[in-house]
Protein chains: 2
Amino acid sequence: MTTNASPPAKSQRHSRVDVVEAALAILDEYGLPDLTMRRLASTLAVQPSALYWHFENKQTLLAAVSDRIVSGARVIDHGTSDWASAVRLEAEALRDALLSFRDGAEVVLSSQALGLGAGEALTRLTAALHRGDFDERVERAAAGAFLHFLLGHVSHEQQRIQADSLGVVTARHEAKPSDVESRSRQERDSFDFGVALLIAGLAVQSDALR
Amino acid sequence: MTTNASPPAKSQRHSRVDVVEAALAILDEYGLPDLTMRRLASTLAVQPSALYWHFENKQTLLAAVSDRIVSGARVIDHGTSDWASAVRLEAEALRDALLSFRDGAEVVLSSQALGLGAGEALTRLTAALHRGDFDERVERAAAGAFLHFLLGHVSHEQQRIQADSLGVVTARHEAKPSDVESRSRQERDSFDFGVALLIAGLAVQSDALR
DNA sequence: ACCTGAACACCGTTCAAGT
DNA sequence: ACCTGAACACCGTTCAAGT
């Protein structure tokens with residue numbers, strides 16, 4: 001993904017957004033392990049210590065990066081759709097947003113594992129679920145379940161993308177070459193299947209209550 | 001959890017198991033961020049470089065730690081039970097195993113995010129699901145969904161345990177004190193609910209096919 | 001408001017050499 | 001078979017001081 005930033009305007013002072021933008025660029029091009037404060041600083045032609053004027057620490061920075069990734073998810077118009085389609089569409093939009101940056105899911109996953117990022121993702125899933133008017137506790141638990149599945153699945157997908165691109169020989173039980181395209185179709189199917197399981201389960205739950 | 005190791009037998013040479021044991025002890029007492037190679041080495045009264053005779057690198061070590069945590073899950077007798085109870089019991093046993101070590105879920109999550117640990121967890125869930133004789137692709141996708149939900153939920157639980165113990169003020173929307181006990185009941189309920197959603201969804205799926 | 005310079009207290013990993 | 005010693009190439013973070 002090309003972060004359409006206005007050109008850094010050589011040797012200017014920086015803002016929070018500049019820093020996040022540069023972090024996203026490093027992330028997408030070199031991956032999470034290479035996203036260090038020192039490297040980020042040198043990208044911005046600044047001392048590492050300068051970053052701590054903008055962010056309290058690296059965790060906070062990564063939370064901001066997570067928010068940026070999630071906020072890139074396309075907006076879904078829920079005007080006419082039932083809760084099930086709404087949730088499915090949100091899940092797919094969020095998956096695409098995570099996939100659009102290298103290691104995107106892992107960044108968001110680890111931020112949210114620390115209780116920081118991913119707030120917007122939960123909000124969006126919750127809003128979609130809200131169209132189903134479930135009990136509030138059910139709604140919360142369901143949103144969490146969708147989010148956990150989502151982050152786990154996509155981060156697994158991206159790990160395999162990474163392994164593939166490095167030519168790692170996992171030597172699975174495959175007979176056919178299993179090219180990249182059919183692989184990615186399988187991933188998508190398996191993702192949609194998981195989402196469908198959760199939706200079907202929720203539907204049973206709501207039927208039981210009426 | 002008290003790892004019932006035979007006492008280190010002062011200033012003996014070490015084996016892989018010793019190293020993993022010591023790692024588990026550090027993990028449980030001080031948490032994942034404090035589980036460094038250098039600290040582990042000094043716990044074993046050994047130079048950091050010595051660890052690299054036992055393990056290729058830190059990732060490999062952490063994968064072994066993950067395996068140990070998961071293998072602590074109690075064995076379920078599936079003799080009489082249907083697939084749904086089998087899966088539910090497995091999920092609960094795995095959750096308990098993860099909860100029995102500080103940061104247990106996060107260790108396993110990050111190992112499996114790198115494609116290393118958690119193999120046994122997948123195997124156990126798959127075996128339980130196998131009693132339902134689903135299509136093979138369905139079985140695989142479902143096992144993955146359960147695992148993702150499981151790891152995500154428990155690591156979230158443990159993050160909150162951590163935050164609570166540090167007295168972090170998250171200032172949620174609570175009216176009541178919400179003591180530790182009721183909190184942990186809620187967590188368990190929300191976990192069981194997620195598992196139930198997935199099971200119900202699968203049941204619908206299997207009904208549709210017969 | 002934003003950054004420099006310099007330092008502190010660490011990391012994971014490699015490798016020749018020892019016993 | 002298992003470990004030492006010493007080094008390499010890094011980390012995140014703090015803080016006084018500069019403009």
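Within every chain, numbering begins at 1; the chains are lettered A, B, ... in the order of the sequence lines, protein sequences first and strands thereafter.
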Within this structure, what is the [atom1]-to-[atom2] distance between [X] and [N], rounded to whole angstrom?
X	N	atom1	atom2	value
B:Leu61	C:dG12	CG	P	10 Å
A:Glu56	D:dG12	CD	P	16 Å
B:Asp34	C:dA9	CG	P	17 Å
B:Leu35	C:dC11	CG	P	11 Å
A:Asp18	C:dC2	CG	P	10 Å
B:Leu51	C:dC11	CG	P	13 Å
B:Gln59	C:dG12	CD	C1'	11 Å
A:Phe55	C:dA1	CZ	C1'	15 Å

Next on the checklist: With heavy-atom distances below 4.5 Å as the criterion, would you say the side chains of B:Arg188 and B:Arg95 are in contact?
Outcome noted: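 Touching, per the 4.5 Å side-chain cut-off.
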Checklist entry - So which one's nearest nucleotide on DNA chain D is more toward 5', B:Gln47 or A:Arg39? => result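 First, find each residue's nearest nucleotide; the 5'-ward one identifies B:Gln47.
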Checklist entry - Where each residue is assigned the nucleotide of DNA chain D containing its nearest heavy atom, which of B:Arg38 and B:Ser15 is assigned the position nearer the 5′ end? => result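 Counting from the 5' end, the first nearest nucleotide belongs to B:Ser15.
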Next on the checklist: Using modelled atom types and a 3.5 Å cut-off, is there a donor and acceptor pairing between side-chain atoms of B:Gln158 and backbone atoms of B:Leu98?
Outcome noted: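 Such a contact is found between B:Gln158 side chain and B:Leu98 backbone.
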Identify which nucleotide among [options] has an atom closest to any side-chain atom of [X], counting heavy atoms from C-beta outward.
X	options	answer
B:Met37	D:dG5, D:dA1, C:dT13	C:dT13
A:Lys58	D:dG18, C:dG12, D:dT13	D:dT13
B:Trp53	D:dT4, C:dA1, D:dC2	D:dC2
A:Pro48	D:dC11, C:dG18, D:dT13	D:dT13
A:Tyr52	D:dT14, C:dA1, C:dT4	D:dT14

Next on the checklist: Can you see if the side chain of B:His54 gets near the phosphate of D:dC3 - specifically, an N or O under 4.0 Å from OP1 or OP2?
Outcome noted: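 Yes, within the criterion.
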Item to check | Side-chain donor/acceptor of B:Ser49 to base of D:dG5, under 3.5 Å | outcome: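 When only heavy-atom distances are counted, B:Ser49 does reach the base of D:dG5 through a donor-acceptor pair under 3.5 Å.
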Checklist entry - Whom does C:dC10 pair with, Watson-Crick or G-U wobble, provided both distances fall under 3.5 Å? => result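 Its partner: none found.
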Next on the checklist: Tell me which nucleotide, if any, is Watson-Crick or G-U wobble paired with C:dG5 when both distances must be under 3.5 Å.
Outcome noted: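 D:dC15 - that is the nucleotide pairing with C:dG5, both distances being under 3.5 Å.
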Item to check | Integer angstrom distance from the P of C:dC10 to that of D:dA9 | outcome: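 About 22 Å, rounded to a whole number of Å.
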Checklist entry - For atom C1', what is the distance between D:dA16 and C:dC3, given to the nearest Å? => result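 Roughly 13 Å separates the two C1' atoms.
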Next on the checklist: Quick check for you: to the nearest 0.5 Å, what is the distance between A:Leu61 atom CG and A:Leu116 atom CG?
Outcome noted: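 Separation between the atoms: 11.5 Å.
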Next on the checklist: Centre-to-centre under 6.0 Å for A:His156 and B:His148, is that the case here?
Outcome noted: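 They qualify: ring centres under 6.0 Å apart.
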Checklist entry - Between A:Arg137 and B:Asp189, does at least one N-O distance fall below 4.0 Å, as a salt bridge requires? => result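 So A:Arg137 does not pair with B:Asp189 through a salt bridge.
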Next on the checklist: One thing to verify: whether B:Glu181 and B:Arg185 come together as a salt bridge, which I'm taking to mean a side-chain N less than 4.0 angstrom from a carboxylate O.
Outcome noted: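 So B:Arg185 does not pair with B:Glu181 through a salt bridge.
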